[in-house]
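Heavy-atom basis, side chains included; hydrogens, waters and symmetry copies ignored. Order of listing sets the numbers, starting from 1, for every ligand and every atom in it.
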Amino acid sequence: MQTLVTDRPEEAARHLNRGETVAFPTETVYGLGADAFNPEAVAGIFRAKGRPSDNPLIVHVASPGKVGEVASEIGENARRLIECFFPGPLTIVLKKRDTVPEIVSAGLPTVGVRCPAHPQAAEFLRHCKHPVAAPSANVSGRPSPTDWKTVYHDLGGRIGCLLRGEPSTIGLESTIVDCSVEPPRLLRTGAVSVEALRELVPDIQVATTCKPGEAPKSPGQKYRHYSPEAEIVLVETPPPSLPADPPAAWIGLSTPPAGAAKSLHCRDMDEYARVLFGFFRTCDAEGIRTIHCELPPEEGIGRAIRDRLVKAAGRG
Ligand code: AMP
Ligand code: MG
């Protein structure tokens, strides 16, 4: 398959409306989209990524007013979250309409809905005839892509079109809140923080693990995610030095230890989130065998960074 690379949202939408898979930028990470109401097109996403079919997809809408195109019930909590955080880096799980095919929801009676704030994504979605089902635009199991070249590296030749944009400004996948249950449950941490959610929904449950045999409600709950090939070592405080051989890398908020073959000193947690997945990929490309990652404070986006680090280390 030839992958067309374009800067024009309208052209990318034409490909999607024809039933092709289209990668596009969002503020969280790049997504790989297909027409959510066309099950054959959606099957193309699973093929291109090598994604397990029991992992549901998030449906993206052009504006907050379109949530009702895929959700059959929007309760009071969901309404409040939509009003405050849409468009933005938040996904809400709601009871689905019958028009949402099973392949999108992985057989669940619910659907995850998000309205991205990214201007190019918004324009692309406006030109799509239907809502767009889209997981992250990476080969399944690898870290989510935060720039178009990484998408091309993973999926070039396997998808119809790639809408080229700037690197994602957040760099971590969306926060997911399940509003189909009472009280609502946090399924995945992201840039919309637990603290911000609690201001609107004080009794929100923070769930972390999925019981054996239970269908996955969120990606990180069943599958190993966000993993580079290098071994991840989690660090609370930086050691004075790292061994030079085999080459080891450092990323964190503190000054890098001596001996790091490669290092990234992040100014704040927003920068840490933005550069993390790209750093994992660069380290793999450069043959780094171990990446020492400093755990940030457990507050704001720090919780989401910690979550991705723990999963990358294979402990999640
Ligand atoms: P990804 O972009 O790979 O992180 O995929 C999107 C994730 O959103 C999925 O893996 C799901 O776990 C989550 N999601 C999508 N739809 C639902 C749903 N109906 N219920 C719970 N989680 C969902
Ligand atoms: Mg993903």
So does [X] have more than 12 non-hydrogen atoms from other groups sitting under 6.0 Å from [atom1]?
| X | atom1 | value |
| --- | --- | --- |
| Glu166 | CD | no |
| Glu195 | CD | yes |
| His153 | NE2 | no |

For [X], atoms of ligand 1 separated by under 4.0 Å from a heavy atom:
| X | result |
| --- | --- |
| Ile176 | 8 (O), 13 (C) |
| Ile58 | 6 (C), 7 (C), 8 (O), 15 (C) |
| Ser136 | 1 (P), 2 (O), 3 (O) |

inquiry  = Taking 2.8 Å as the cut-off, does Ser144 contribute an N, O or S atom near the Mg ion (ligand 2), distance below it?
reply    = no
ask   = Heavy-atom distance to atom 14 (N) of ligand 1: which of Ala134, Gly107, Pro56 wins?
value = Pro56
note = Checking heavy-atom distances from atom 16 (N) of ligand 1 to each of Thr110, Val29, Leu57, Asp54, the winner is Leu57
message = On a heavy-atom basis, which atom in Cys179 and which in Leu94 lie closest, and how many Å separate them?
response = CB-CD2, 4.0 Å
ask   = Between the side chains of Glu27 and Thr169, does any donor sit under 3.5 Å from an acceptor?
value = no
inquiry  = For Thr28 and Ser174, which I'm curious about, is there any donor-acceptor pair between the side chains at under 3.5 Å?
reply    = no
query = Using heavy atoms and a threshold below 4.0 Å, how should the contact between Val111 and ligand 1 be classified: side chain, backbone, both, or neither?
reply = backbone
inquiry  = Taking 4.0 Å as the limit for heavy-atom contacts, which would you say applies to Arg51 with ligand 1: side chain only, backbone only, both, or neither?
reply    = side chain
ask   = Would Leu4 and Tyr30 show up in the same hydrophobic cluster when neighbours are defined by side-chain heavy atoms closer than 4.5 Å?
value = no
ask   = Taking both backbone and side-chain atoms of Lys49, is any N or O found less than 3.5 Å from an N or O belonging to ligand 1?
value = no
Backbone or side-chain N or O of Arg188 under 3.5 Å from ligand 1 N or O = yes
